S.K.: 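Take a look at this one; I'll ask things after.
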Amino acid sequence: MDKTYQPEQIENRWYQRWEDNGHFAPSGKGDPFSIMIPPPNVTGSLHMGHAFQDTIMDTLTRWKRMQGNNTLWQVGTDHAGIATQMLVERKVAAEEGKSRHDLGRDAFTDRIWEWKQESGGHITRQLRRMGASVDWSRERFTMDDGFYKAVQEVFVQLFDKGLIYRGKRLVNWDPTFETAISDLEVENTEVDGQMWHFKYPLAGGETYEYIEKDADGNVTLRETRDYISIATTRPETMLGDGAVAVSPDDERYAPLVGKLCEIPVGPKEHRRLIPIITDEYPDPEFGSGAVKITGAHDFNDYAVAQRNAIPLYNLMDRKAHMRNDGLSYAESAALASRAARGEDIGSVDEINLVPTELRGLDRFAARRQVVEAVTAEGLAVTTPDEAGQEQPLVEHKKLMQPFGDRSGDVIEPYLTDQWFVAVEDLAKPAIAAVENGDIEFVPKNYENMYFAWMRDLQDWCISRQLWWGHRIPAWYDTEGKVYVARSEAEARERYGIAADVPLSQDEDVLDTWFSSGLWTFGTLGWPEQTPALETFHPTNVLVTGFDIIFFWVARMIMLTLEFTGEVPFKQVYVHGLVRDGQGNKMSKSKGNVLDPIDLIDGIDLETLVEKRTGNMMQPQKARAIAKATRQEFPQGIEAHGTDALRFTFLSQATTGRDIKFDIGRLDGYRNFCNKLWNASRYVLMNAEGQDCGTSPDGQGDEVELSLADRWIVSRLQQTEAQVTRAMQEYRFDHASQALYEFIWNEYCDWYLELSKPVLWDDEASAQAQRGTRRTLVRVLETVLRLAHPMMPYISEEIWQRVAPLAGTSHGEEDSLMVQPWPQADDSRIDEAAERDIEWLKGVIVAIRNIRAELNIAPGKPLTAMLTKGDADDRRRLDANRRFLAKLAKLESIDWLADADQAPLAATQLVGDLEVLVPMAGLIDKEAELTRLAKEIDKQDKLIDGIEKKLGNESFVAKAPEAVVQKERDKLDDLSTNRRLLVEQRDRIAAL
RNA sequence: AGGACCAUAGCUCAGUUGGUUAGAGCGCCACGUUGACAUCGUGGAGGUCGGCGGUUCAAAUCCGCCUGGUCCUACCA
């Protein structure tokens, strides 16, 4: 073995071998265990979140596989509609200077398929680097024919059940992608906005008495008005107003209800009149208390319009430009005014209420023009400025504005024909499944989040006006009548449409999450009743981030229950977000992204800086990021290997909490790998070619197990139990910590050291040496199995060399991957050995302490004595003299029968036992007195505390006897210790 | 506005049903290359467990309030 651990040399070859040997496919004889990978974007690349999540899934999968379960980790990728279309659209624009419209639908989707072909392997290669033991033979893609079939089937069946419908509704519209998006894809962000106040003149110049009162009913304002005042943040939508609404309880406007007012924009001769109505929606306390109702451009207004039969006038096109189609403004305005008076005017689609001069303008440009025009006309509400001049009232305030999560564009509520899933009936069983425990969230508090969302669910808009995705299986005849079926042929057959009647398929595609929602059963072959479906569904656990519970988890539960009658998974393990060391979200624009592959392979500083700032548009920001990067990683990032990265993730994986990725811990766990590596070197150096008492025929295997052997085996059982339990509880931090502590603090720090006196002592018996060698290799072999789910590469590499020596062959297989998971054996727990080793460690540490306190060179041989102990102490001394001498670097250590005969010595207590190191010629009198004074003081404080406690009658009366006794024992120990220290102090002072 | 979660050593975090002298890793200080390992060893310093109040014989742990932070949901034209 090489002297230092070099992960890059072992990782790639092992993955290849595992994959080639088919170790990832289900093969266990036990119960099925299955996990579905949350399918990453097929053209994406692996980020820290993936790496974290995949580590958890792989650890679970490997663990279950070793436990003998018939284990499937199903892998696949997602077509990721918007994200992929956007990417390829940009690429085509950059490389060919063409838009997707220039290419046309077929050519453009061909480009996406080409891009998938070209880059689709990237993320799967990265998954392999992480060691993910997914079954590649079952890899799926959401746009595969087979998966498409499942998607179609679900759509058709939901439609037939009346759970999918098509209709004209107000939806969130992304003007950049020119598609509807779901509520979830909208991010509300606070922005600086303005609110304008405008006067809507009353029809026919009518006036009324406007009276404002304070809380006590005293009149604070009384004036005659010929207008009603409204406030708006979106003046350009005034053109589509259908009414002005006031609260039914608002006395100020009571006289106006039922009358008409005029929208103060557009050519004067065609200004529209709209009714003043009452509705519960307006809040009299806010603004003027009167709200303009624009049903086609605002969700709240839409609801008011529905309740009051107010017409909806669409003002914009798909790009959120002011419409430039339909009837002329004059005709439109005339029709709309008739509607306002209650006349039936039929369809409003052709009505375009955008005045000629605004047609075709961007919505924000139109907004500016409307504000200018209204203000110029003197119809802005004014307020005096500091100089007493009347100025238009424009409030600058924070607004929550909706943005598309992908495009970053301002989302427009937009009236269009879309397909929807009626969720109410689907949600009920989905809620029940979590309530009754069929599905369990880990940690549990995410269930509340789930319930809250599920109980207030809106119908799900599933159609997208994109080109990349599953085309909606619906066909239209020339009259626009819709036929849903699995194919055009089926549509004709089902609905009896003659072959000569032309049908055209719906242009839209389905929301990506609609297909992702079928992931657990679609990947297993549904709608066919395949053996895989039978065996592996429902899956055992879904490992996912909380940010995706609504998008994905909830919809999977609904759709899976509906179509399979089963839950998709029994547990949902929810992990946190991977953040940077400061707790910030990692993002390209912040320039704080770490690439898991760079952490594995290392990256030099300049390349890292280039990576973070390469495509950055603003040079100033790029410089700041470069500076921060140089500061954080002055030497770049060195190679750590996959195992160290995985171990870091696991150690930080505490439930339901974001992780701040700590590169210091990554270094630490790389060192841990190195420690394991070197410990193994030691074991191999001492065991290879030697008699380990593990011959296959059992001949000549007589062994004698030392105290240390029995102890480490005992500790191993406990570690096995701890790690197993932690895994069951998804406490990967505890599992990794238990392993770390056992390997480093027990096996390396103590057991290996204790093995040296046996192996290197010519007088040690062959049986004893055999016993120690056997324990060395068998414990290591077991610990490698324990480590394997967490650190697959290094464990496999070392196991290959250790397993033959351990003689614990578990079958023909040559890989750790198919070895059994260690099972704790309580009969091998040896409490007496543990107590003896604790004693041994105590004495050694005591001597080391004395050495450090007296500033004695670590290598200087010392003489030590033990006294005041009991028969056990004597027995232990006699049995372990060799070990004490070696580990504490002693010339000799002996029993002193009469403590009064002790020479002046540094003293430490181990239980009742006193450990003495004679101090002749070693002592610095003043320093020692100071130290002792400090130590006595410390003891006094502790004694004080306990005495107070024991002096408290209610403590003695009410606390359990065991607790009281424990305190008494403690007091005893402390008092003895203190007395000793005082004696010591007096003796030294007397020198 | 409603809700969730978090606050423990300089940093990143453990701390199970209340009873420990409150732990680990990294960092820091001192000493040390004996034959697995300087990606190491030995020893050490460092914490009024965010604040206040309560329950209890006993609170980092349970309850209430407050402060600070993160996030989610819903939003007022």
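The basis for the numbers below is simple: all heavy atoms, side chains too, and nothing from hydrogens, waters or symmetry mates. So that the names make sense, note that chain A is the first sequence line, chain B the second, and so on, each numbered from 1. Source: prediction; values computed, not measured.
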S.K.: Can you name the one residue among A:N188, A:T189, A:D183 that meets side-chain contact (heavy atoms from CB on, under 4.5 Å) with A:P402?
M.R.: A:N188
S.K.: In Å, rounded to the nearest 0.5 Å, how long is the span from CD1 of A:I663 to CD of A:E632?
M.R.: 7.5 Å
S.K.: Can you find a donor-acceptor N/O pair under 3.5 angstrom joining the side chain of A:E967 to the base of B:A58?
M.R.: no
S.K.: B:A77 C1' sits how many Å from A:L393 CG, rounded?
M.R.: 14 Å
S.K.: Nearest whole angstrom, please: distance from the P of B:U21 to the CD1 of A:I936.
M.R.: 21 Å
S.K.: Could you label the plane-to-plane angle of the A:F52 and A:H575 rings as parallel, tilted or perpendicular, counting under 30° as parallel and over 60° as perpendicular?
M.R.: perpendicular
S.K.: Given the C1' atoms of B:C31 and B:A45, what is the spacing between them in whole Å?
M.R.: 15 Å
S.K.: For the residue pair A:Y446 and A:F546, categorise the inter-ring angle as parallel (less than 30°), tilted (30 to 60°) or perpendicular (more than 60°).
M.R.: parallel
S.K.: Look through every strand shown and name the nucleotide pairing with B:G53 as Watson-Crick or G-U wobble, where both distances are under 3.5 Å.
M.R.: B:C63
S.K.: Within 45 degrees of the ring normal and closer than 6.0 Å to the centroid, is that where the cationic atom of A:R646 sits relative to A:F649?
M.R.: no
S.K.: Rounding to the closest angstrom, what is the interatomic distance between B:U42 and B:A4 at atom P?
M.R.: 47 Å
S.K.: Would you kindly say whether A:S182 and A:E185 are connected by a side-chain donor-acceptor distance under 3.5 Å?
M.R.: yes
S.K.: Between C1' on B:C26 and CZ on A:R670, what's the gap in Å once rounded to a whole number?
M.R.: 12 Å
S.K.: Would you sort out whether A:R848 and A:E853 count as a salt bridge (Lys or Arg N to Asp or Glu O under 4.0 Å), showing the intermediate values?
M.R.: CA-CA 9 Å; A:R848 284 177 182 165; A:E853 276 158 12; over 6 Å; no
S.K.: Using heavy-atom distances to pick each residue's nearest nucleotide on RNA chain B, tell me which of A:K3 and A:R579 is more 5'.
M.R.: A:K3
S.K.: What interatomic distance, in whole Å, is found between P of B:G10 and the corresponding atom of B:C28?
M.R.: 15 Å
S.K.: Please state the P separation for the pair B:A24 and B:G43 - nearest whole angstrom.
M.R.: 12 Å
S.K.: Have a look at A:K397 and say if it touches a base, only the backbone sugar-phosphate, or nothing, with a 4.0 Å heavy-atom cut-off.
M.R.: sugar-phosphate
S.K.: Is there a Watson-Crick or G-U wobble partner for B:A4 with both distances under 3.5 Å, and if so, which one is it?
M.R.: B:U70
S.K.: Given atom CG of A:D749 and atom P of B:A24, what is their separation to the nearest angstrom?
M.R.: 13 Å
S.K.: What distance, rounded to whole Å, do you find between the two C1' atoms, one in B:C57 and one in B:G50?
M.R.: 27 Å
S.K.: Side chain of A:R848, base of B:U42: donor and acceptor closer than 3.5 Å?
M.R.: no
S.K.: For a quick test of reading the model: is some side-chain N or O of A:R234 closer than 4.0 Å to OP1 or OP2 of B:C76?
M.R.: no
S.K.: Provide the Watson-Crick or G-U wobble partner of B:A14, both distances under 3.5 Å; none if there is no partner.
M.R.: none
S.K.: From C-beta outward on A:K889, which listed nucleotide comes closest to its side chain: B:U16, B:G35, B:U34?
M.R.: B:U34
S.K.: Considering only atom C1', compute the distance from B:G46 to B:C26 and round it to an integer number of Å.
M.R.: 14 Å
S.K.: Tell me which nucleotide among B:A14, B:A36, B:A77 gets nearest to the side chain of A:L752.
M.R.: B:A36
S.K.: Given atom CD1 of A:I844 and atom C1' of B:G43, what is their separation to the nearest angstrom?
M.R.: 15 Å
S.K.: Considering Watson-Crick and G-U wobble pairs with both distances under 3.5 Å, what does B:C28 pair with?
M.R.: B:G44
S.K.: Could you measure between the two C1' atoms, the one in B:C62 and the one in B:G18, and give it in whole Å?
M.R.: 7 Å
S.K.: Write down the distance separating the C1' atoms in B:A22 and B:A58, rounded off to the nearest Å.
M.R.: 16 Å
S.K.: Where each residue is assigned the nucleotide of RNA chain B containing its nearest heavy atom, which of A:K949 and A:V683 is assigned the position nearer the 5′ end?
M.R.: A:K949
S.K.: Under 3.5 Å, is there an N or O donor on one side and an acceptor on the other linking the side chain of A:K941 and the base of B:U21?
M.R.: no
S.K.: Using whole Å, report how far CG of A:N671 lies from C1' of B:G27.
M.R.: 13 Å
S.K.: Tell which nucleotide pairs with B:A58, taking only Watson-Crick or G-U wobble pairs whose two distances are both under 3.5 angstrom.
M.R.: none
S.K.: What is the distance, to the nearest angstrom, from the NZ atom on A:K660 to the P atom on B:C71?
M.R.: 12 Å
S.K.: Could you identify the nucleotide paired to B:G35, looking across every strand shown and requiring Watson-Crick or G-U wobble geometry with both distances under 3.5 Å?
M.R.: none
